[in-house]
> 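Below is a structure I'd like to ask you about.
Side-chain atoms are counted along with the backbone in the values below, which use heavy atoms only and exclude waters and symmetry mates.
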Amino acid sequence: MSIRCYKSLAGLQTWQFKAVTTVYYQKETMIISIASGKGGTGKTTVATNLAYAMGSELQILDCDVEEPNVHLFLKPKIEHKETAYTFIPEVDQEKCSLCRQCVDICRFSALTVVGETLLTFPQLCHSCTGCMITCPEHAIHPSKRELGAIENGFKDDLVFVQGRLRIGEAMAPPLISRVIAGSNKDKTIIIDAPPGTSCPVITAIKDTDFVLMVTEPTPFGLHDLKLAVEAVKTLGIPHGLVINRSDIGDDQVAAYARSEGIPILLEIPFSRRIAEIYSSGQLLVEEMPEWQSLFRQLYERIKTIIQ
């Protein structure tokens with residue numbers, strides 16, 4: 001991991017320093033994100049079973065911080081919990097000359113001048129620290145806002161980490177970044193990304209080596225899969241596809257994958273037994289052992305594509 005920082009940040013506390021660092025992963029560690037264009041396709045099912053099938057070789061990060069649910073299936077033993085914070089500006093009004101440089105640099109309107117006062121709106125701040133860096137009077141100092149919590153634990157020998165966004169907090173990406181930054185770089189990482197294609201998803205997948213997209217063979221599944229594929233292509237990340245409930249609907253998803261050159265790495269049939277296992281919060285690889293080898297084969301196929 002390498003860190004980029006600025007001279008003006010030398011006096012920051014540990015949590016403040018983390019908020020303004022940029023994390024780069026060395027590629028001896030493989031990072032696989034499990035994503036989907038829409039919710040309900042089976043993304044978490046694939047993520048949990050893939051991670052558990054490989055055991056000590058992997059760790060799983062639940063980055064769907066607005067509604068984490070990996071723990072419902074893994075039932076991990078939580079060993080550590082910490083509160084996560086992010087940078088927000090605090091203004092020394094006596095030093096502030098109302099030059100508006102901080103207002104001009106902020107693209108999210110988190111600062112504004114009203115009369116003779118510089119006002120801040122912490123809920124709009126994206127923690128870039130640009131306001132503090134550009135202030136010629138050094139009138140802006142770091143403060144903090146609570147994002148939520150990060151929990152670490154184990155399921156047998158599988159490392160588990162999840163973020164849980166504070167109720168009322170609007171921005172998930174800063175907490176997702178903290179979850180990823182705190183992972184063990186010596187183990188392959190499975191990221192259970194949020195659904196959709198919005199900012200939280202991009203934050204979860206942008207630095208990964210491979211994106212495994214999970215979809216279903218329905219018109220809605222195909223529509224949202226196309227959005228997810230365009231996002232992944234824009235980021236230039238290798239990707240593949242899992243089709244869940246593969247024997248319902250039609251073959252348009254498979255046809256689309258062929259036309260785009262996207263490899264279909266696994267198909268999971270529509271099965272009452274699989275649905276019962278999922279509904280009871282159990283793992284497919286535990287209740288139906290034949291699936292353990294299938295998920296191990298999925299992992300090996302991903303490794304082959306990355307290499």
> So, does Asn49 use its side chain to make a donor-acceptor pair with the main chain of Leu284 at under 3.5 Å?
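Present.
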> Between Phe73 and Tyr278, does the ring centroid distance fall short of 6.0 Å?
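Yes: the rings meet the under 6.0 Å criterion.
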> For Arg164 and Ala149, indicate whether the former's side chain and the latter's backbone hold a donor-acceptor pair under 3.5 Å.
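Flag not set: sc Arg164 to bb Ala149 has no pair under 3.5 Å.
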> Is Asp192 reaching over with its side chain to a backbone N or O of Cys63, donor-acceptor style, under 3.5 angstrom?
no
> Using a 3.5 Å distance criterion without hydrogens, assess whether the side chain of Arg301 forms a donor-acceptor pair with backbone atoms of Ile264.
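Absent.
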> If we ignore hydrogens and angles and just use 3.5 Å, is the side chain of Asp62 paired with the main-chain N or O of Asn69 as donor and acceptor?
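Yes, the answer is positive, given that a donor and an acceptor are paired below the 3.5 Å cut-off.
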> May I ask you to decide if His71's main-chain N or O and Gln162's side chain share a donor-acceptor pair within less than 3.5 Å?
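Not a single qualifying donor-acceptor pair exists.
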> Strictly by modelled atom types, are Thr215 and Thr41 linked by a side-chain donor-acceptor pair under 3.5 Å?
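No, no side-chain donor-acceptor contact under 3.5 Å.
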> So, does Ser259 use its side chain to make a donor-acceptor pair with the main chain of Tyr256 at under 3.5 Å?
yes
> When you look at CD of Glu79, are more than 12 heavy atoms from neighbouring residues, nucleotides or ligands closer to it than 6.0 Å?
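Yes, CD of Glu79 has more than 12 neighbouring heavy atoms, counting only those of other groups under 6.0 Å.
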> Thinking salt bridges, do Lys38 and Glu216 make one under a 4.0 Å N-O criterion?
yes
> Between Glu151 and Lys81 (salt bridge meaning N to carboxylate O under 4.0 Å), is one present in this structure?
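Looking at Glu151 and Lys81, the cut-off is met.
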> Is the side chain of Glu57 donor-acceptor paired with the backbone N or O of Thr188 at a distance under 3.5 Å, no angle test?
no
> Under a 4.0 Å threshold between the charged nitrogen and the carboxylate oxygen, would Glu260 count as salt-bridged to Lys233?
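Answer for the salt bridge query: yes.
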> Is the NZ or CZ atom of Lys155 both under 6.0 Å from the centre of the six-membered ring of Phe160 and within 45° of that ring's axis?
no
> Salt bridge check: are Glu300 and Arg296 linked by an N-O gap of less than 4.0 Å?
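No, no charged N to carboxylate O under 4.0 Å.
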> Is the backbone of Gly40 close enough, under 3.5 Å, to the side chain of Lys43 for a donor and an acceptor to pair up by distance?
no
> Any side-chain heavy atom of Phe154 sitting closer than 4.5 Å to one from Ile78?
no
> Out of curiosity, does Val242 fall in the hydrophobic cluster containing Val211 (side-chain heavy atoms, cut-off under 4.5 Å, transitive links)?
no
> Using modelled atom types and a 3.5 Å cut-off, is there a donor and acceptor pairing between side-chain atoms of Lys187 and backbone atoms of Ser183?
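Between the backbone of Ser183 and the side chain of Lys187 there is no qualifying donor-acceptor contact (under 3.5 Å).
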